[in-house]
Structure formats: structure tokens, C-alpha cells
Amino acid sequence: MRKMIILLCGVMTATTLLAHTGVQNPAVMARMNSMSAIAEDLKVIALMARGEEPFDAEAARAAAASIAAESAQIEALFTEPEDDPKSEAKPSIWENFAQFSSIAAEMEAIALGLSTSIQTSEDIRPALASLGQSCRTCHEAFRE
Ligand code: HEC
């Protein structure tokens, strides 16, 4: 599970919690909280993909729906070039904001699709792969 999350997104809940300590800018805190919520939802899907939790179509679709809703907020949460010593956001976000937003919109579309399309346990690995690819694409470009 940990390995998979690190592999896919370079994130782990423990480090996420640590990273939040000492954040002073509430706008940065808000976008970090949103990312943490996305990671929690992805974890639901990742645990099923690894067989660590039994497949539950409804729970998987709900997690995808939640990722879609969170994704819809990313553009607004990042519009202002807010900074904080704890932030891992790269300044290039605001030089390439259209690209940044389009990755968020793409993740929203993928997650929205999955929120209705996940039916059987066969669907869970591809779901994880496509969502994980979105995390990776954005983090590689825009996160330190
Ligand atoms: C459109 C770009 C984008 C997408 C898509 C994206 N992220 Fe992020 N993510 C960021 C940026 C930028 C940061 C750094 C924010 C900061 O530190 O100010 C971040 C930070 C994080 C963090 C750390 C939050 C913290 O507390 O410091 C986690 C966890 C995370 N992302 C998980 C995910 C997961 C899981 C996905 C995919 C399901 C994902 N992200 C998709 C841009 C994105």
C-alpha cells in the first residue's frame, strides 16, 4: 500500500500530516488540506487494488466522486500565487496556470467517469492507474 502510493503520487499520509505542521498561510493550508483529502480518497481505491480491503464498488465510486469534487476546487485554490515556507508548490504553476488547470480538469473528468463506471473488481486497477497518472503528471511538473 505505502509503496504503491509513493510510486503513484509520491505521497504518504504520515508525511502529509508532518508537512502541515507550521504552515502559516491559511490559503496554502487550504490547498494542502484539499490535496490530503484527495490522497485519502485515492487510498480507498489503492487498498482495494492491493487486495488489502475487499472490493466494494459503491465505496470505490464514492471515492472517485469525491476526487472529482475536490479536483473541481483545485483551480480556485491555486489561483493566487500564495506562498509559505512549508509549501511544495513550484512558482512555475503561476507561469503556466492554464496547463496546471487543465491537468486538474483532466483529473476531474477521469474521476467523474470512474464515479459511475466502476462496477467489478476488474475495474479497480485501471482506475488507480489512471488517477495515479494524473497525480504524477501534475506533481512532476508543479510540485517540489
Ligand atoms: C493540477 C495539479 C495537481 C494534481 C492533479 C494533483 N496534485 Fe497533489 N499537489 C499539487 C501541488 C502543487 C502540491 C503542493 C501544494 C503546496 O505545498 O502548496 C500538491 C501536494 C499534494 C500533497 C501534499 C499535501 C500537503 O499536506 O503538503 C498530497 C498528499 C497530494 N498532493 C496528493 C495528490 C494525489 C493523491 C493526487 C491524485 C489523485 C494529486 N495530489 C493530484 C498539485 C496537484
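Every number for a ligand or one of its atoms is a count from 1 in the order of the listing. When a residue number appears, it is its place in the shown sequence, counting from 1.
- Among E88, H139, R143, the residue whose heavy atom lies nearest to atom 9 (N) of ligand 1 is H139.
- The heavy atom nearest to atom 1 (C) of ligand 1, out of those in S134, A64, C138, is found in C138.
- For R31, every heavy-atom contact with ligand 1 shorter than 4.0 Å involves the side chain, none the backbone.
- A donor-acceptor contact shorter than 3.5 Å is absent between the side chain of S66 and the backbone of A62.
- Residue-environment remark: CD (E58) stays at or below the threshold of 12 foreign heavy atoms within 6.0 Å.
- A donor-acceptor pair under 3.5 Å is formed between the side chain of S130 and the backbone N or O of P126.
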Kindly indicate, with the supporting measurements, whether the criterion salt bridge (Lys or Arg N to Asp or Glu O under 4.0 Å) is fulfilled by R143 and E88. CA-CA 6 Å; R143 184 185 175 199; E88 294 173 344; 2.8 Å; yes
Mind running side-chain hydrogen bond (donor to acceptor under 3.5 Å, both in side chains) on Q73 and S34 for me, showing each step along the way? CA-CA 8 Å; Q73 303 299 317; S34 172; over 6 Å; no
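- With atom 18 (O) of ligand 1 as the reference point, the heavy atom nearest to it among A30, S87, A37, S36 is part of S87.
- Residue-level proximity to ligand 1 for F100 is carried by backbone and side chain together, each with a heavy atom below 4.0 angstrom.
- Not a single heavy atom of I67 lies less than 4.0 angstrom from ligand 1.
- Between the side chains of N25 and E82, at least one donor-acceptor pair of N or O atoms lies under 3.5 Å.
- Ligand 1 has at least one atom lying under 4.0 Å from a heavy atom of I93.
- Each of the atoms 11 (C), 12 (C) of ligand 1 lies under 4.0 Å from some heavy atom of F78.
- Enclosure of atom CD in Q119 by more than 12 non-hydrogen atoms of other residues, nucleotides or ligands within 6.0 angstrom is indicated.
- The atoms of ligand 1 that sit less than 4.0 Å from any heavy atom of F142 are 12 (C).
- Looking at M35, E108, R136 and measuring to atom 43 (C) of ligand 1, the nearest heavy atom belongs to M35.
- Using a 4.0 Å cut-off to heavy atoms of C135, the atoms of ligand 1 that qualify are 34 (C), 35 (C), 36 (C), 37 (C), 38 (C), 39 (C), 41 (C).
- Within ligand 1, counting atoms from 1 as listed, the ones closer than 4.0 Å to a heavy atom of M107 are 5 (C), 37 (C), 38 (C), 41 (C).
- For N96 (side chain) and Q99 (main-chain N/O), no donor-acceptor pair under 3.5 Å exists by modelled atom type.
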